[in-house]
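Just so it is clear: chains get the letters A, B, ... in the order the sequence lines come, proteins before strands, and each one is counted from 1.
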Amino acid sequence: MKPLLEVRDLVTGFGRVRVVDGVSFQVAAGETYALLGESGCGKSITALSLMRLLPDGGRVISGSVRLGETDVLALPERDMRRVRGGQMAMIFQEPMLALNPVIKVGEQIGEALALHQNLAGQAARDAARGLLDAVGVPDAVRRLDTYPFELSGGLRQRVMIAMALAGRPQLLIADEPTTALDVTIQAQVLDVLRRLKAEQRMGMLLITHDLGVVAENADRVGVMYAGELVEEGVRNAFFASPQHPYSRMLFEALPRPGDGGRLVTIPGQVPPLDGPMRGCRFAPRCPFAVARCRAESPGWQVIDDQRVRCHLAGTLPARSERELAAHSVKQAAPPLLQVDGLKVHFPIRRGLIQRTVGHVRAVDGVSLDIRAGRTLALVGESGCGKTTVGKALLRLIEPTAGRIVLGGETITAKNVPFLRRQAQMVFQDPFSSLNPRMRVADILLEGMDALGVGEAADRRDAVVQLLRQVGLPDDAGGRYPHAFSGGQRQRIAIARALAVSPRLVICDEPTSALDVSVQAQILNLLKDLQDSLGLAYLFITHNLAVVDYLAHEVAVMYLGRIVEHGAAADVLRAPRHPYTQALVSAVPHIKAQTGPGIIRLAGDQPSPLNPPDGCHFNPRCPHAMEVCRQTYPEQTELGGGHWVRCHWVAGQI
Amino acid sequence: MNSIQPVILWTDALIFALLLAVLVLVWLIRRQEHLLAPWRVVAQRPMAMGAALVLGAFVVIGLLDSLHYRAQLTDSPADAPQYSVEVLSVFDALTSELRSRQEKTYSAPLAMQLYAKEFVERDGATVRDYPRLQYGGAHLQRADERLSDITRRTLVGATQGGLASLLLFGLLAGWQVRRTRLAVGAWLAAWRQGSLNWPGRTVVLMVALLLMLGGALAQLASGYHVFGTDKVGQDVLYISLKSIRTGLVIGTLTTLVTLPLAIGFGITAGYFRGWVDDIIQYLYTVLNSIPGVLLIAAAVLIVQVYIESNPDIFDTAAARADIRLLALCLIMGVTSWTGLARLLRGESLKLRTLDYVEAARAFGVSNVRIISRHIFPNLFHLVLIAIVLDFSGLVLAEAVLSYIGVGVDPAMYSWGNMINGARLELAREPVVWWQLGAAFAFMFTLVLAANLFADGVRDAFDPRLGGRR
Ligand SMILES: Nc1ncnc2c1ncn2[C@@H]1O[C@H](COP(=O)(O)OP(=O)(O)OP(=O)(O)O)[C@@H](O)[C@H]1O
Ligand code: SF4
Ligand code: SF4
Ligand SMILES: [Mg+2]
């Protein structure tokens with residue numbers, strides 16, 4: 001059968017830099033082809049080359065792209081416009097950038113329909129409604145008249161998909177379609193994509209860095225590294241035995257459920273693409289590399305259902321599953337941080353005199369305990385108030401109510417400096433958390449200077465110590481942040497927090513902006529630091545795999561309140577609250593899952609501006625009862641420090 | 001020997017203070033890689049470098065014109081010297097010929113006769129004819145020698161300029177060859193292909209062009225009034241050149257007033273928000289809703305009254321004109337900080353929410369330090385872009401204000417005054433166009449060069465354009 005899309009030897013460059021270098025693959029109708037790889041390896045540029053939507057300065061240098069009978073690269077721009085959206089359509093990671101914020105959703109879909117199907121007026125409106133229905137937008141008729149910014153992230157992404165479908169494309173290119181979404185929403189969107197593909201026999205090019213998403217959605221997989229495709233295969237074969245050393249290390253870098261041992265990391269970084277390329281591009285980081293690898297670029301070798309570019313293909317030792325190492329168990333220490341009834345309400349002001357018309361209850365009565373040397377993970381969907389808890393603990397945001405006791409002292413406005421020496425924060429995005437105009441040494445000195453830690457004369461030595469502690473070279477202090485990669489920057493950010501020797505570090509999604517292999521390095525580092533310094537972590541995240549690896553205890557937050565709390569193993573393996581159950585089941589898994597399938601949640605998290613009466617979760621809860629709509633559930637103890645707030649669970653006991 | 005008494009006018013002091021500040025800034029920038037990098041990008045753009053050279057020529061004239069002195073009166077005794085009331089500048093001394101060769105009234109560019117007919121004595125009889133100029137073309141015997149003389153002088157001047165630039169180029173090549181350790185031929189080839197790491201071709205050609213133009217002008221000016229003369233017979237070229245200083249002073253000193261206001265208010269409003277922000281926003285909204293011209297007119301009139309009622313403070317005409325110029329800079333600065341302040345406020349609002357500012361706050365770093373270390377350095381590029389972009393706007397604004405009579409002192413040389421003076425004469429037949437033309441040409445050159453340079457700076461500093469070339 002002729003493939004739907006055939007890409008042959010595609011080379012795309014910016015100036016002299018070839019960011020996509022000789023990529024060939026095929027996608028058949030009704031098939032999902034996943035392009036996998038770390039950030040910057042050229043996935044997006046490959047996709048944009050197919051659409052001929054390259055950013056300024058980008059240019060397809062050679063190669064061919066055939067879509068059915070059309071030679072895409074040879075078409076004049078006028079015909080290309082018809083192909084784009086008509087025969088192939090693309091959805092992007094950030095839907096807000098692709099939707100026009102000032103045009104109603106219905107009209108935007110209508111424009112696409114007018115262009116590709118010559119529909120107008122009522123016919124277009126009906127068709128638009130049909131599309132929104134098809135992508136699972138509830139209440140489609142009303143949504144046609146809303147503006148994009150009135151929709152939640154998941155809905156926007158579905159509107160984008162609906163627009164992409166307006167031209168009845170044969171090929172859908174999805175560039176990280178769910179990376180910006182929460183797991184429960186991600187599950188919904190991926191469902192929609194899978195269903196559409198099956199119904200309309202579309203080919204799909206799915207670009208992602210998440211192995212779990214690939215495992216659950218792709219038929220075939222291609223792995224990219226430094227602008228080249230290095231491995232390709234049928235999904236099952238690929239997941240059973242990845243052949244390229246790079247693919248293997250990607251798997252091993254992932255934290256596995258129940259594993260507390262060190263993660264495998266890939267040393268070094270992706271090579272800069274503007275340098276001279278000789279031999280295998282992975283050679284500097286490859287543990288198997290031999291002399292030949294550095295001299296000669298490997299060609300394709302076929303192994304059953306897979307093909308791979310590695311000189312040693314097929315001869316590598318079989319992959320051995322590492323033993324699961326137990327989590328280190330610490331003796332129960334006295335609580336370091338006790339939080340009681342923490343509330344943060346943001347006033348909403350309106351009108352000329354800025355009258356307060358209501359409150360956003362971002363955090364609404366949260367109580368926590370963290371012991372020295374232990375990690376408490378705070379998990380929940382975006383917008384549930386996780387980060388606000390972290391910032392309120394550090395008094396970066398003034399809490400509305402609640403008591404914070406740190407190391408035996410109650411924190412008030414007066415002893416904030418004491419708090420700042422005891423507790424520090426590591427932020428999510430290492431690119432915005434370091435001042436680009438300051439040298440690394442000055443960044444590290446800032447906290448020590450401000451809080452007067454140690455003697456001024458000793459601080460320079462302390463900087464070198466810190467850099468070593470987080471695994472950076474001694475000369476790093478003299479350089480500016482832009483000279484470092486994302487992972488190294490996150491190390492600097494960690495060193496900055498450690499500079500004042502805190503006992504508690506609040507980590508706000510410290511690895512979510514990083515690649516899997518780099519994430520593994522940072523997680524290892526955090527664990528080492530905890531072991532050697534006895535740090536306590538409050539780990540804020542939505543990534544349950546990371547929680548599983550690092551956390552001793554887990555607190556699940558929904559709409560400003562903690563709904564389930566307990567030891568990590570209990571909460572993640574045997575969740576009791578319906579929300580936690582949905583969350584845990586929605587995480588895409590690499591290995592086929594046994595037991596109950598994904599629990600689909602309807603709709604989105606409501607706004608904390610006016611949370612639903614009774615249990616906040618009741619509009620989405622599959623077990624909701626009458627009482628859930630009236631009273632907020634009390635804490636139900638399940639033993640061993642595990643508790644939930646749910647009427648349904650309470651009734652079971 | 002004639003001694004002199006240096007005179008430091010207010011604007012002179014400020015200009016040299018500014019020059020010093022710029023030099024210090026350059027020295028600081030040279031030591032900081034991240035500050036230097038965008039300037040390297042600017043230096044690699046031919047357009048920006050060409051414009052910078054032209055600007056440089058203007059600045060040199062402006063600076064020479066800012067070194068003021070009073071000459072000793074020739075008949076005053078040496079032990080108790082008395083000085084002339086006329087304040088001159090080094091530039092005047094260099095161009096004393098231009099200054100002193102005053103005709104009776106209008107004459108066209110490169111003319112040898114006055115513009116208006118007069119009764120002249122010729123061969124004993126009184127006839128009505130165009131009289132010969134006293135200086136312009138005075139060396140010519142007959143009218144038909146004029147064209148060939150002009151051509152000859154132009155060629156000679158241009159050749160002199162060309163020779164000078166060849167000499168300079170030789171020096172440059174020698175220096176570069178020694179520095180880069182290339183063979184002379186290799187360096188020349190690289191220069192010709194434009195493959196040096198700086199726009200060598202453009203710079204060399206531009207310098208050559210400027211020198212040749214300067215040479216030709218100098219040659220012509222020694223025998224003619226190149227741009228003609230004005231109503232009282234003054235050389236228009238001289239007036240135009242003197243106006244350069246006024247334009248530069250307005251363009252730079254006004255910015256000096258604007259900057260502290262804009263930076264102070266903009267960052268404070270954006271960083272502290274709340275009632276501080278409300279007050280500052282209120283302030284600049286109010287200021288913006290009053291027509292700037294009205295404010296300026298009012299302020300200039302007040303200053304005028306003050307000057308006239310305190311004649312003892314301002315002893316010379318130059319000092320009076322100078323203080324009015326300074327007042328104009330002040331008031332224009334006070335009315336024009338709002339745009340930049342608004343920009344900086346928005347940027348500070350954004351920066352203050354960034355994680356590195358949060359991290360600093362988590363250490364309890366003081367607000368002053370956060371602003372000076374985290375906020376200001378990250379919006380400095382905006383300030384810089386604003387300075388270079390605003391410069392040409394201010395030069396043009398001066399012209400407009402002087403034209404409507406609320407600009408600089410009417411006795412001061414400025415392009416605005418030149419235009420104002422030419423206004424009435426446009427109705428004459430034939431038209432007296434050269435005053436307007438000269439003012440226009442000079443202003444156009446300065447503003448164009450400033451804008452081209454500003455473009456280069458903006459491209460290099462604006463992160464959104466990301467070093468695109
Ligand atoms: N506009 C541009 N100009 C110059 N280089 C670019 C441009 N856009 C991308 N690149 C370079 O092209 C390479 C591939 O980028 P691409 O966006 O395809 O990566 P990616 O695999 O999609 O990464 P991510 O997972 O972060 O989305 C990178 O080295 C990047 O720096
Ligand atoms: S070719 Fe050599 S360096 Fe490259 S992946 Fe294979 S073994 Fe490693
Ligand atoms: S209390 Fe009711 S609505 Fe809330 S989670 Fe439990 S069952 Fe669902
Ligand atoms: Mg991408």
Trainee: Sort A/Arg421 into side chain, backbone, both or neither according to what part of it lies under 4.5 angstrom from a heavy atom of chain B.
Mentor: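 For A/Arg421, there is no contact with chain B at all, as no heavy atom is under 4.5 Å.
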Trainee: Measure distances from A/Leu396 to the heavy atoms of chain B and classify the residue's part below 4.5 Å as side chain, backbone, both or neither.
Mentor: both
Trainee: Please determine whether the number of non-hydrogen atoms from other residues, nucleotides or ligands lying under 6.0 Å from atom CD of A/Glu455 exceeds 12.
Mentor: no
Trainee: Applying a criterion of heavy atom separation less than 4.5 Å, what residues of residues 354-371 of chain B form contacts with chain A?
Mentor: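 Residues of residues 354-371 of chain B touching chain A at under 4.5 Å: B/Leu354, B/Asp355, B/Tyr356, B/Glu358, B/Ala359, B/Ala360, B/Arg361, B/Ala362, B/Phe363, B/Gly364, B/Val365.
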Trainee: Suppose a student defines contact as a heavy atom less than 4.5 Å from any heavy atom of chain A. Which residues in residues 258-285 of chain B would they list?
Mentor: none
Trainee: Applying a heavy-atom distance below 4.5 Å, give me the residues of residues 16-23 of chain B that approach chain A, sorted by number.
Mentor: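 Residues of residues 16-23 of chain B touching chain A at under 4.5 Å: none.
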Trainee: Closest heavy-atom contact between A/Asn435 and B/Arg373?
Mentor: ND2-O, 2.9 Å
Trainee: Can you list the residues that meet the side-chain contact (heavy atoms from CB on, under 4.5 Å) rule with B/Arg179, with sequence neighbours excluded?
Mentor: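 With sequence neighbours excluded, B/Arg179 shows a side-chain contact (heavy atoms from CB on, under 4.5 Å) to B/Trp175, B/Gln176, given in chain and number order.
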Trainee: Give, as side chain, backbone, both or neither, the part of A/Asp442 having an atom under 4.5 angstrom from any heavy atom of chain B.
Mentor: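 Looking at A/Asp442, backbone and side chain both touch chain B.
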Trainee: Check each atom of A/Met425 against the heavy atoms of chain B and say whether the ones under 4.5 Å are side chain, backbone, both or neither.
Mentor: neither
Trainee: Does atom CD (A/Gln465) have a neighbourhood of more than 12 heavy atoms from anything else shown, all under 6.0 Å?
Mentor: no
